Student: 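So that we are looking at the same thing, I have put the structure below in structure tokens.
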Protein chains: 4
Amino acid sequence: MKNKPAFSPKNTARDTTRSKNSILSAALIEFSAHGHAGARIDRIARQAKVSKPLIYAFFGNKDALYTAALREAYVQIRVREQALNLDEMDPENAIRALVRFTLQHFKSNPWFVSILNTENLRGGKSIREIEDLAEIRSDVVNKLDKILQRGVQTGVFRAGVDPLNFYIAIASLCFFPISNRYTLRTVFDCPIDDAWLEQKAEDAAEMALKFLYP
Amino acid sequence: MKNKPAFSPKNTARDTTRSKNSILSAALIEFSAHGHAGARIDRIARQAKVSKPLIYAFFGNKDALYTAALREAYVQIRVREQALNLDEMDPENAIRALVRFTLQHFKSNPWFVSILNTENLRGGKSIREIEDLAEIRSDVVNKLDKILQRGVQTGVFRAGVDPLNFYIAIASLCFFPISNRYTLRTVFDCPIDDAWLEQKAEDAAEMALKFLYP
Amino acid sequence: MKNKPAFSPKNTARDTTRSKNSILSAALIEFSAHGHAGARIDRIARQAKVSKPLIYAFFGNKDALYTAALREAYVQIRVREQALNLDEMDPENAIRALVRFTLQHFKSNPWFVSILNTENLRGGKSIREIEDLAEIRSDVVNKLDKILQRGVQTGVFRAGVDPLNFYIAIASLCFFPISNRYTLRTVFDCPIDDAWLEQKAEDAAEMALKFLYP
Amino acid sequence: MKNKPAFSPKNTARDTTRSKNSILSAALIEFSAHGHAGARIDRIARQAKVSKPLIYAFFGNKDALYTAALREAYVQIRVREQALNLDEMDPENAIRALVRFTLQHFKSNPWFVSILNTENLRGGKSIREIEDLAEIRSDVVNKLDKILQRGVQTGVFRAGVDPLNFYIAIASLCFFPISNRYTLRTVFDCPIDDAWLEQKAEDAAEMALKFLYP
DNA sequence: TATGAATGAGTATTCATTCAT
DNA sequence: AATGAATGAATACTCATTCAT
């Protein structure tokens, strides 16, 4: 019981960070899987391999933990967005890449889709509380703006397209089929498998491009 | 105690129906406002002005009530869809009208958006249980199909556009800005008021049409 | 399981009252035995032979239950006070009887002494909330007033003694030795048994009377 | 991390005492403000500006800390009692001074009143544990004894009055109006301000003296 | 059909206490 | 001597569900 290795003096600070991150990851999973009301602190503690009181010591209460998890969701998704490099492609292909990436992004991080929906179901009660909004804001709109400008310069795109509204359109086309996959599947009796989503991405890219052409 | 007046024969059947509908309406409101886990049978009973045991007598348990409310949401939304008449318009205007209607539809029936999201958050656990799917399926895809065919015939639209996929694209463009209004508002700092949504509808119609042109 | 006697239709209303009273009695015992913070809803439920949710259904929360128990303590003590009849005694004996009764009263209803102390320890937070103060107010001061007036008339008591302040003095002399019996016992090493308290009552009566003589 | 300066040899003994006293003061405040069950080790630690483990290192557990705080209450109150000098007054004035002092004493040290009540509510569980009772016992009874003897000698007081019982009577008259101020205030609708208490002291002195006269 | 009373099994949160350094 | 991190065992309170009538 007392055989902790003596060569580990850095324990305190590091373990705290590890515990906090562990809790945050577990909370993110739990809240996106069960929603705000359905999430259980018990499960988060078990998943994070810490005790419940530690969660309360670090985060205060369920609401604050949820808010922290929501923020973490954005932070993680923004980190993953960094990987996207569109500067070297020609404008049309950049748009195609952006659309494919966006859909793929939502598909491979379903907890993000879920926690977004959860938060909107709550009327955005918690996202308003987040202070450091800079870390939450997406850089993609800026990237898109550059692509559009390049396209206008080369004459392949028409001018006057608002990058934010255009990005929201792309996000809509990519988010909805994933977010609503279960109801779509039953109501329209379509498979919603990888191939189907792949096709969605192609359609969306096509639609986006045709909207941009002069 | 069991001396209900014998001279009230209509009581039984009619009141039963009224109670059931009252419960269903209350449940729809409650589930879309609070999600599945956050909904409270107590509140539904109070809102519907019936006792809790009556709810259990009619619907069995919370899950079954939720499923019934979900079904009711679709039924109601399909009823409202009937009002839409597109046959008399020329194809382009019909598309424009369809897009505007769809966005308006989601905007004025936010409980539908909410309960759809709730159900998808649950992985579609309940919608699978609904038996009478015919009543749930939308007729809009058929209407859209006819428009597309008319457009192809008059040469204004290109051929080969799948009506279902095209409808899902339109739904995406209309659903997402409403469904995600709260996070969009905070993250992108845009107003999401009526004017903004109006503009969304115009953009969406434009995008849809350009996708259809030859 | 379904063998409840058919001849008991009055059940509902009566059992409710019985449950409420049962809870109230248990709460009174629990709060006076353990103080406000030390009291346990669990124990109250077990003692009252009802479930915890029923307590919450009837009383709302721990604080409200405590307030109700405090009120009940006063109500019960006032009821017991009614038994006291002093009109037929001569003034001096009436004072003696009043003092003896007061001490005996506190001695045989120790939960009253305890809950009074508990409430004062709380700064009177709850007694302020009680609405129907009439039921809580003691009639003893009025009775005492009459005795004093009779005594003044017969010349055995001096005039000008305020009945309320005089009653508080009597209450002080009777309350303190009982309320503080445990610390007194240890600090002054005196027995604080029935005989000792009996003697206290005689001393108090003597002191009270000498204060009244002209 | 363990680089406390070696040139601080006084540190050990003196700081220990300071920490202990700091804890004790904080505990006294906390226990008298919230009772035994309502007191929080956390708050005591914060108030005393030490860590919780230090409290446990010094005192063992909550109960032992409470006992130490109770003892400290008596010690402090006895220290304050030393100030009282009655030898130079004539017996009647000495009694008056004693009564006034006693009431004033309770009024200006309300934590003493509170912790006494708390301990009695606990059935004296902890005061029994205190070993060094000598330090806890009041010297006032001895002082009072001398006054009574002087009064008997000068013929102003009657003989045969037991000083302990008489002191308890005085304590009763002074303790109760302060201890029970909140319930008295509400039940009898009297102010319980300084003037009222002042009057109480005069009444009590008057009552005490009349009890002593031959 | 309809309901007020009642409850078992949770659920967020707290608190005295200990561990590891 | 001293502490930040951590936890087992409650504790007030809730909620879907059922009982008795």
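Because the structure is a prediction, the values reported are computed rather than measured. Chain letters run A, B, ... following the sequence lines, proteins first, then strands; residues in each count from 1. Side-chain atoms are counted along with the backbone in the values below, which use heavy atoms only and exclude waters and symmetry mates.
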Student: Would you mind listing every ring pair (Phe, Tyr, Trp, His ring centres under 6.0 Å) that reaches into residues 54-76 of chain C, with sequence neighbours excluded?
Tutor: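 Matches after skipping sequence neighbours: C:Phe31-C:Tyr66, C:His36-C:Tyr66, C:Tyr74-C:Phe112.
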Student: State, with a plain yes or no, whether a side-chain heavy atom of B:Asn120 is found less than 4.5 Å away from one of A:Asn117.
Tutor: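 The answer is no; the side chains never approach within 4.5 Å.
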Student: With side chains defined as the heavy atoms from C-beta onward, is the minimum distance between B:Ser19 and B:Leu54 less than 4.5 Å?
Tutor: yes
Student: How would you list all residue pairs meeting salt bridge (charged side-chain N to carboxylate O under 4.0 Å, His left out) that involve residues 58-74 of chain B, not counting sequence neighbours?
Tutor: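 For residues 58-74 of chain B, and leaving out neighbouring residues, the salt bridge (charged side-chain N to carboxylate O under 4.0 Å, His left out) pairs sorted by first residue read B:Asp63-B:Arg122, B:Arg71-B:Asp132, B:Arg71-B:Glu135.
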Student: What I'd like to find out is whether the side chain of B:Leu65 reaches to under 4.5 Å of the side chain of B:Ile23, using heavy atoms alone.
Tutor: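 They are in contact (side-chain heavy atoms under 4.5 Å apart), so the answer is yes.
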Student: Take atom CZ of D:Arg18 and atom P of F:dA2, then tell me their distance rounded to the nearest Å.
Tutor: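 Going from D:Arg18 (CZ) to F:dA2 (P), I get 11 Å.
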Student: Is there a residue in residues 47-59 of chain C whose heavy atoms reach under 4.0 Å of DNA chain E, and which residues are they?
Tutor: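 Nucleic-acid contacts, sorted: C:Val50, C:Ser51, C:Lys52, C:Pro53, C:Leu54, C:Phe58.
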Student: Kindly say whether D:Ala48 contributes a backbone atom to a donor-acceptor pair with the side chain of D:Ser22 at under 3.5 angstrom?
Tutor: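 Checked: pair present.
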Student: Looking at residues 23-46 of chain B, who's got a heavy atom less than 4.0 Å off DNA chain E?
Tutor: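 Under 4.0 Å from DNA chain E: no residue of residues 23-46 of chain B.
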Student: Could you go step by step and tell me if D:Thr118 and D:Leu70 meet the side chain to side chain contact (heavy atoms under 4.5 Å, CB included) rule?
Tutor: CA-CA 10 Å; D:Thr118 294; D:Leu70 177 63; over 6 Å; no
Student: Applying side-chain hydrogen bond (donor to acceptor under 3.5 Å, both in side chains), name anything that partners C:Arg43, two or more places apart in sequence or on another chain.
Tutor: C:Glu30
Student: Less than 4.0 angstrom between a side-chain N/O of A:Ser19 and OP1 or OP2 of F:dA5, yes or no?
Tutor: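 So the side chain of A:Ser19 is outside the cut-off, no N or O lying under 4.0 Å from OP1 or OP2 of F:dA5.
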Student: Please answer whether the main-chain N or O of D:Ile127 pairs with a side-chain N or O of D:Glu119 as donor and acceptor at a distance below 3.5 Å.
Tutor: yes
Student: Taking both distances under 3.5 Å as the test for a Watson-Crick or G-U pair, what stems of at least three pairs does DNA chain E have?
Tutor: E:2-21 with F:2-21
Student: May I have the distance from C:Lys62 (atom NZ) to F:dT14 (atom P), rounded to whole angstrom?
Tutor: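 For the pair C:Lys62 NZ and F:dT14 P, the rounded distance is 14 Å.
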Student: What's the shortest heavy-atom distance between A:Ala68 and A:Leu24, and which atoms?
Tutor: CB-CD1, 3.8 Å
